[in-house]
Every structure is written in C-alpha cells, then in structure tokens.
Amino acid sequence: MAILGLDSDVRSIVIFRLIRYFFIMLLLDSSDQNLRAAGSAIAQGKIVAIPTETVYGLGADAFNAQAVARIFAAKNRPTFDPLIVHVASASALDTVVRLVPPKARILVEALWPGPLTLVMPKREVIPDIVTAGLDTVGVRCPSHPVARKIIEYSGTAVAAPSANPFGYISPTTAMHVAKQLGDRVDMIIDGGPCTVGVESTVIDMTHEIPIVLRPGGMPLERIEELIGELAFPEKELKVFASPGQLKSHYAPHADLLLFEEGALARIDPASVPAHAAALAFDAPMAERLRESACFDMIYVLSPKGNMLEAAANLFAVMRTADEAGFSTLYAERVPDAGLGRAINDRLYRASKKS
Ligand code: AMP
Ligand code: MG
C-alpha cells in the first residue's frame, strides 16, 4: 500500500484522518428523511442512537423485548438496570403507565418536555427487560426536537439508556457514540452536541413524598417549588432499587480524585503523580492551578463559571482527558445547588472505581 512508503509521523496522521473519516461516515444528519428512517428502524426492532438534550441515547421499541435485549447486549449493561422509556408527548404517557399520581401530573404539565424522568406504576405490556422486573417504569419526554420527531415517527415509545458502554462516561456528541458503539448499533443520528450534558433527574413518584433517585439536568429546586418536599433515599440502598445509584458509574479510565471546593489550590505538589491533569470549574480557578504548576494539563469546564455550560462540558472534558492518556484526574466539587448537584454526583461516581 502507498501509505507504507510514508514516514511514520505522516503515516499516523493519514491513518488518524482515515479512521476519523470512517466514523463520520457512520453518522446521519438530522434531515427529515433520516429521522423518518430512524423512526421506522425502531418500529422494525432495530437499535438507533438518538440525540437528546441530556446525553445521546440508544433507543429501541419499548414494547419489543427482543429489540430491548439488543440494547443491553450492545452496551454490556447488566439486566438489573432498568431503562427509561421516552415518549413523544405527555399524551402518550397512558400507553406506558397504569396510573399518574397527582404530583406527577403537576410535574408533567410544568416541566415536560425536559430532563426529568418520573418513575410510576407500569402497564402490563411493558416487558420486564425494560424495567428489570420492577412493577414501575421511568418515563420521560425529551425536549430535543430531533429525539421527539424520531419517537413520533417510530409510532411507539422508545426505551433508551445512554449510548455508551456500561459504566463509562455518557456520550454528548454523535462522534462519541460512533467511536464506542459504532459497530454495534444500526444507525446513529447526529443532532449536534447535547445542551444539558448530564442525564435526566429521576424521581420516584410512587410515594406520597417523592424520592430523588438521581440528581440530573432538572434542578431539584424547580421540582420542590411545584410539589413541595422531596425525600432522599437511605445511604445503603439495594442496587436494584435504582442502579443509577451504583456508586461507580460515568467513570473515565483515568483515576479521578475528587476534593472539596477550594482544596486543589492548597495541594502539595509533591503528592501529585506524573501524567496528572486537573478539571477547573472556571477561568480564575484554572489560573490558580496553573500558578501551582502541579498539573500537566488543566481543563476548564466553563471559563465564565456558568453552571449550565459546565454541566454540558463535563463528560466531553473527561473523555478528552482519557484520550490524551492522563492517568490521574484531579477535580473539586462545585457549589451544591441547581445543576451543581448533578455535576457533584457525576464527579463522585467517576471517583469511585469498584
Ligand atoms: P440511564 O438510562 O443510563 O440514564 O439510566 C436509567 C436510570 O433510571 C437507571 O439506572 C435507574 O436509576 C433509573 N430508573 C429507570 N427506571 C426505573 C425504575 N422503574 N425504578 C427505579 N429507577 C429507575
Ligand atoms: Mg447511562
């Protein structure tokens, strides 16, 4: 092959470009024709990666147990971890759930479409593989117009977990999906980078005081304003109550060391190993870390310190650090309010390697 005659630097650039080109070939833009094709692929039992405002999802017909089983196989996801069922609008809710508690109705009316998953009693027709055998189901109506169109064109409800290998960082671009699951999915629709960037907030609505199963893209403060008090589960939960609560999750390959707010500025340089990078919340923090000269690289989540932007960048930054080959990542907790809770939750889980 002609490529063998090139010197090694040029050869690696050419190979890199070819691989990149191959991945881009896998992506389909979000033209109406492609969205219709994606919808009918789902209706035929195929699995399709779809953009949502939170992260990219891997979707299948929620009423087709075999199609859903292919999602678990593609992701290597344990079957005790239930999937979220996505609907095109609140009017489709009754096809999936048996009963909508009054507080759930209030949240649906005020906050859907959006990054909020509500766990409610499931209808018999939802296969056990979707809910991991639970008699409840998590349902969400995404706000991303591409996701909603695909679901609408599929004519069904779509069970979709994040489109990443189980336990690894969730994908926030179509390219992330192509790189990791490109050979295992039937189709990938590119809807651009996700604007929220962390998974949905999950609330169990089957209790009088609803229970927060996972902080996420919908701030808990907004939910409390609408329905009052929320409960937080006991520390030692059984895994099957909600596997989004598995401690190690959303984890990069690098070891992530998580510190309290402000602690990184005081770190002893001698304690920092080689090939270490740090995540800075904003530009002033990045500047302080640069002055300390402890780290080979500093990634900034949001130069202006905007929590929304930081959440949207979090997973992509962890991936970039992994791809750059850093073995240790240092991070600090951010202020624990609004989306900051979701960011702290994901940083915490990323720091817990099982
Ligand atoms: P993922 O699809 O990876 O964003 O994860 C979905 C998460 O939603 C699961 O890991 C659970 O934490 C939660 N979930 C979905 N359905 C239920 C349910 N019926 N009961 C409790 N938690 C659920
Ligand atoms: Mg996931």
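As the structure lists them, so they are numbered: ligands from 1, and atoms in each ligand from 1. Not measured: the values here are computed from a predicted model. All values below come from the heavy atoms of this structure, side chains included, with hydrogens, waters and symmetry mates left out.
Using a 4.0 Å cut-off between charged nitrogen and carboxylate oxygen, E124 and R98 do not count as a salt-bridge pair. The existence of a salt bridge linking R290 and E287 is confirmed by a sub-4.0 Å separation between a basic side-chain nitrogen and an acidic carboxylate oxygen.
Residue contact check: G138 has heavy atoms under 4.0 Å from atoms 16 (N), 19 (N) of ligand 1. Taking every heavy atom of L134 and a limit of under 4.0 angstrom, the matching atoms of ligand 1 come to 18 (C), 19 (N), 20 (N). Applying the 4.0 Å criterion to heavy atoms of D81 picks out, from ligand 1, the atoms 9 (C), 10 (O). Numbered from 1 in the order shown, with element, the atoms of ligand 1 that lie under 4.0 Å from a heavy atom of S162 read 2 (O), 3 (O).
In the displayed structure, Q33 atom CD is contacted under 6.0 Å by at most 12 heavy atoms of other residues, nucleotides or ligands. Within a 6.0 Å sphere centred on CD of Q66, heavy atoms belonging to other residues, nucleotides or ligands number 12 at most.
At a cut-off of 2.8 Å, S162 is counted among the residues with an N, O or S atom near the Mg ion (ligand 2).
The shortest heavy-atom distance from V137 to ligand 1 is under 4.0 Å. Heavy-atom distances between R77 and ligand 1 reach below 4.0 Å in at least one pair.
Comparing I84, L213, V198, L58 by heavy-atom distance to atom 6 (C) of ligand 1, the nearest is I84. Proximity annotation for atom 19 (N) of ligand 1: of V85, I203, T136, L118, T136 comes nearest, heavy atoms only.
Listed by chain and number, the residues in a ring-ring contact (aromatic ring centres under 6.0 Å, His included) with F326 amount to none (sequence neighbours excluded). Residues satisfying the side chain to side chain contact (heavy atoms under 4.5 Å, CB included) criterion with P113, sequence neighbours excluded, are C141, S143, R148.
Only the side chain of R214 comes within 4.0 Å of ligand 1, judged by heavy-atom distances.
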For I84 and E199, run side-chain contact (heavy atoms from CB on, under 4.5 Å): C-alpha distance rounded to whole Å, both residues' side-chain angles, the deciding distance at 0.1 Å, then the answer. CA-CA 11 Å; I84 292 169; E199 295 82 354; over 6 Å; no
